[in-house]
2 protein chains.
Amino acid sequence: MIAQSFVNQPNVYRQKYSISYDKLMAKRRSSSSRKPTLVDVAKAANVSAITVSRTIRSPELVSPQMRIRVEAAVEKLGYSPDPAASALASRVTHNIGLLLPSLTNTVFEDVLDGIYEVSEETRFFIQIGDTRYSALKEEALIGTFLRQKPAGLILTGFEQTEKARKMLSSAHCPIVQIMDYGGTPIDMAVGFDHEAAGYAAAAHLIECGYRNPGCVGARLDARSRRRLDGFRKACQEANLWDERRMVTTPQSSSVGLGRHMLEEMLSKDETVDAIFCNNDDIGIGVLVEAQRRLISVPDQLGICSFHDMEMTKHMHPALTAIATPRYEIGKMAFEMLLAEIDQPQSVKKRIVNSGFELKKRSSTKNLAGKF
Amino acid sequence: MIAQSFVNQPNVYRQKYSISYDKLMAKRRSSSSRKPTLVDVAKAANVSAITVSRTIRSPELVSPQMRIRVEAAVEKLGYSPDPAASALASRVTHNIGLLLPSLTNTVFEDVLDGIYEVSEETRFFIQIGDTRYSALKEEALIGTFLRQKPAGLILTGFEQTEKARKMLSSAHCPIVQIMDYGGTPIDMAVGFDHEAAGYAAAAHLIECGYRNPGCVGARLDARSRRRLDGFRKACQEANLWDERRMVTTPQSSSVGLGRHMLEEMLSKDETVDAIFCNNDDIGIGVLVEAQRRLISVPDQLGICSFHDMEMTKHMHPALTAIATPRYEIGKMAFEMLLAEIDQPQSVKKRIVNSGFELKKRSSTKNLAGKF
DNA sequence: TTGAAAGCGATACCAG
DNA sequence: CTGGTATCGCTTTCAA
């Protein structure tokens with residue numbers, strides 16, 4: 001059991017050191033279990049410590065013979081650098097801070113997956129903070145993260161507090177804001193235009209021939225709200241809007257909530273014939289509830305979902321959805337960060353519109369034949 | 001733009017220091033932007049550095065007046081400790097390493113959520129590693145994590161490589177293995193018995209009166225395999241087993257795959273009348289495909305899912321499932337770790353069986369009336 | 001290209 | 001309960 005190591009293992013670090021350097025070294029050498037340090041490698045290779053450091057961090061600055069000699073010593077001793085010492089001396093870690101509003105949301109899992117995919121082979125670590133959709137929590141986390149001297153930071157959205165923005169603008173690391181497009185980034189950004197996405201959803205429903213479009217939205221963060229705004233705008237332009245068909249709740253989204261919200265929608269305006277759902281959980285809930293009520297989809301009710309997680313296209317009928325490139329956003333954000341860390345100001349396109357895509361499936365259909 | 005700070009901001013740390021301590025201090029003081037250190041606080045409060053350190057880490061060891069004085073100075077200067085320096089001196093960080101086999105899997109998101117919930121108010125950070133269900137990748141990550149001197153480690157399952165186990169047993173931190181029960185933990189463990197869970201699923205289906213039970217499983221890691229073993233065992237004991245009704249694939253689970261696997265199952269033995277699904281994605285896929293084929297659930301086909309994510313109970317019919325306490329496991333793992341960090345050997349119950357629960361819903365039913 | 005010396009900012013250990 | 005001193009292991013800076 002590892003736990004015994006707390007009790008039984010001789011720990012050289014607890015011993016008192018004498019003042020003499022030689023004695024100290026003697027003591028150290030006697031402890032066979034000590035992890036080798038840079039100095040140990042330097043001695044073994046008969047070079048200075050700084051040369052070893054150089055060989056590891058920028059081998060191109062060291063002559064080939066030297067490199068071989070040092071690398072052999074590193075290999076022989078099984079040396080690996082101490083990140084804490086490195087961070088203390090250089091004032092920067094290899095941590096990349098990632099602030100997400102939720103961890104139990106397919107959307108952010110996919111982002112996470114993209115980030116991890118790219119970060120895997122790099123020297124960097126991801127440190128995740130869960131802001132729970134709160135700007136204040138985010139502010140606190142930004143403070144904590146910055147204290148650690150991260151190599152870079154990835155934030156969600158543009159809605160940081162004033163104080164947070166201030167801290168960030170004086171941070172010594174590149175920053176990417178993800179999942180949104182159209183705001184003013186602190187440094188770099190990659191995401192899509194939520195209003196345009198909502199607008200596109202409405203345009204599709206209207207084009208299909210639905211005449212009483214509505215939408216349901218859960219947990220209205222700034223981005224979902226803009227999606228609904230875009231949806232409403234398109235409907236208003238087509239003169240098909242009725243505010244009763246906007247059903248929202250601050251609760252966080254789930255399939256159960258989606259079912260419930262269809263019920264609410266019908267109670268407010270039973271003429272509704274198409275629904276844009278804030279995200280896939282809700283979309284699936286609306287579909288299931290419609291089926292339970294024997295409302296035929298897409299004939300009596302068209303459904304357009306948002307994000308398009310894997311499941312969406314396998315529903316029956318398959319859900320039409322606005323697909324968002326979450327994995328790609330995560331990947332790109334990390335790549336932008338990496339480029340900036342290696343070479344400040346090297347990223348030319350600092351604001352990227354990742355776009356989105358309307359996937360037409362069986363939960364909506366062209367009703368033209370009906371007219 | 002933050003990026004300008006790379007270029008324009010005067011950086012005191014780049015300046016050369018003179019040898020004289022006083023001159024150094026003078027230079028430092030002149031730089032108003034420097035972050036205050038422990039020594040700065042000590043001077044402001046007119047105490048020694050170590051006293052400040054103590055006041056922050058273990059206030060109970062410091063006299064009340066002293067504490068007030070120091071806290072005032074901390075407040076006034078806006079001091080916050082440097083984690084790198086602390087890590088270097090104390091040989092331990094405030095990082096908790098978490099190794100998960102997948103990040104895009106509801107199961108682990110829920111675990112993550114439980115861990116974050118508890119860790120939020122502590123001084124610890126979670127550092128996640130994605131092993132992608134590979135013991136070798138896990139081994140590499142364990143090495144990397146251990147190098148950082150974590151305060152604790154959370155691993156998934158008992159299937160570490162020999163080398164990994166060796167590294168772990170000599171690690172100086174508590175370790176919790178999660179999601180499984182019945183193996184030999186390195187230190188502590190919390191999870192459930194997968195074989196028993198599979199057995200329980202089969203027992204339920206058999207009890208309902210289904211006579212040709214089968215099961216479908218995707219991505220067969222050690223734990224899912226044991227679930228299937230348990231299922232098979234119960235069926236064999238009831239003399240109802242036919243190996244053709246065991247359909248598996250190494251692919252990772254998804255709803256699409258679930259649909260596909262029902263097709264495969266039917267092609268191998270169309271008499272199958274009940275299916276245990278390795279997890280919820282598959283379960284939902286099987287349900288959707290059954291509906292598409294007009295196979296009536298639960299009459300012609302009983303379905304029992306595994307894990308029971310939120311969506312499962314909202315399907316129509318609602319899916320019977322073995323519910324697993326993922327959130328609780330995460331929470332408990334972190335709490336066990338915390339207790340051990342604060343007080344080694346204080347956790348008495350080092351191996352916890354979290355159990356699971358059979359949720360009977362409409363996708364299975366007692367067929368007794370039929371006989 | 002290589003090296004010497006001086007930190008980085010905290011904690012450990014023992015003494016008083 | 002408080003303080004002095006010596007580290008922790010690496011990088012920075014400047015000189016050779």
Side-chain angles (χ1 to χ4, degrees), chain A residues 11-21 23-25 27-28 34-43 45-67 69-70 79-94 147-149, chain B residues 11-21 23-25 27-28 34-43 45-67 69-70 79-94 147-149:
Chain A
N11 189 333
V12 294
Y13 301 116
R14 298 276 151 73
Q15 295 171 23
K16 189 191 177 178
Y17 291 136
S18 61
I19 296 177
S20 146
Y21 183 74
K23 271 193 187 170
L24 172 64
M25 281 296 112
K27 276 201 176 180
R28 280 185 166 188
R34 214 183 106 268
K35 259 195 64 187
T37 71
L38 202 61
V39 172
D40 296 328
V41 177
K43 279 190 183 141
N46 227 293
V47 296
S48 73
I50 184 61
T51 299
V52 177
S53 177
R54 269 196 205 108
T55 309
I56 290 170
R57 291 181 306 153
S58 7
E60 72 280 7
L61 297 180
V62 162
S63 69
Q65 328 78 297
M66 183 64 87
R67 194 188 312 177
R69 192 141 53 104
V70 173
Y79 170 75
S80 62
D82 179 330
S86 163
L88 179 56
S90 69
R91 292 178 193 75
V92 63
T93 64
H94 284 166
R147 217 162 294 146
Q148 311 222 24
K149 297 165 191 148
Chain B
N11 188 332
V12 295
Y13 301 116
R14 298 277 150 75
Q15 294 169 21
K16 187 193 176 176
Y17 292 137
S18 63
I19 295 176
S20 147
Y21 183 73
K23 270 192 187 170
L24 173 63
M25 281 296 112
K27 275 202 176 179
R28 280 183 165 190
R34 213 184 106 268
K35 260 194 64 188
T37 71
L38 202 61
V39 172
D40 297 328
V41 176
K43 280 192 181 140
N46 227 293
V47 295
S48 74
I50 185 66
T51 299
V52 178
S53 178
R54 268 196 208 107
T55 309
I56 290 169
R57 291 181 304 155
S58 6
E60 71 280 6
L61 297 181
V62 163
S63 70
Q65 328 81 293
M66 183 64 89
R67 194 188 311 179
R69 191 140 55 102
V70 172
Y79 169 76
S80 62
D82 179 329
S86 165
L88 179 56
S90 68
R91 288 179 195 75
V92 63
T93 64
H94 284 166
R147 219 162 292 148
Q148 312 222 23
K149 296 165 193 147

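Each chain gets a letter, A, B and so on, in the order the sequences are listed, and its residues count up from 1.
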So what does P83(B) hit on the nucleic acid, given a heavy-atom distance under 4.0 Å: a base, only sugar-phosphate, or nothing?
-> nothing
With sugar-phosphate meaning primed atoms plus P, OP1 and OP2, does R54(A) contact a base, only sugar-phosphate, or nothing at under 4.0 Å between heavy atoms?
-> base
Between [options], which nucleotide has the shortest distance from any of its atoms to the side chain of [X]?
X      : options                  : value
T51(A) : dT2(D), dG9(C), dT2(C)   : dT2(C)
M66(A) : dA10(C), dC10(D), dT2(C) : dT2(C)
D82(A) : dT2(D), dT11(D), dG9(D)  : dG9(D)

Nearest-angstrom distance from the residue atom [atom1] of [X] to [atom2] of [N]:
X      : N       : atom1 : atom2 : result
L38(B) : dA12(C) : CG    : P     : 12 Å
R69(B) : dC1(D)  : CZ    : P     : 15 Å
R91(A) : dT12(D) : CZ    : C1'   : 8 Å
N46(A) : dT2(C)  : CG    : P     : 13 Å
Q65(A) : dT2(C)  : CD    : P     : 7 Å
I50(A) : dA16(D) : CD1   : C1'   : 15 Å
K35(B) : dG9(C)  : NZ    : C1'   : 10 Å
L88(B) : dA6(D)  : CG    : P     : 17 Å

Check this one for me: any side-chain N or O of [X] less than 4.0 Å away from OP1 or OP2 of [N]?
X      : N       : result
S90(B) : dA12(C) : no
S48(B) : dG4(D)  : no
S86(A) : dT11(D) : yes

When you measure from the side chain of T93(B) to the backbone N and O of K149(B), does any donor-acceptor pair fall under 3.5 Å?
-> yes
Using modelled atom types only, decide if a donor and an acceptor are shared between the side chain of S86(A) and the backbone of D82(A) within a distance under 3.5 Å.
-> no
First locate atom CD of E60(A), then atom CZ of R67(A), and finally report the distance between them rounded to the nearest 0.5 Å.
-> 7.5 Å
Under the side-chain contact (heavy atoms from CB on, under 4.5 Å) criterion, do V70(B) and V62(B) qualify, and how do the steps go?
-> CA-CA 10 Å; V70(B) 172; V62(B) 163; 5.9 Å; no
H94(B) and Q148(A): CA distance, side-chain angles, deciding distance, side-chain contact (heavy atoms from CB on, under 4.5 Å) verdict = CA-CA 11 Å; H94(B) 284 166; Q148(A) 311 222 24; over 6 Å; no
Assign each of L61(A) and A49(B) to its nearest nucleotide of DNA chain C by heavy atoms, then name whichever residue's nucleotide is nearer the 5' end.
-> L61(A)
If you pin Y79(A) and E60(B) to their nearest nucleotides in DNA chain D, which one's is more 5'?
-> E60(B)
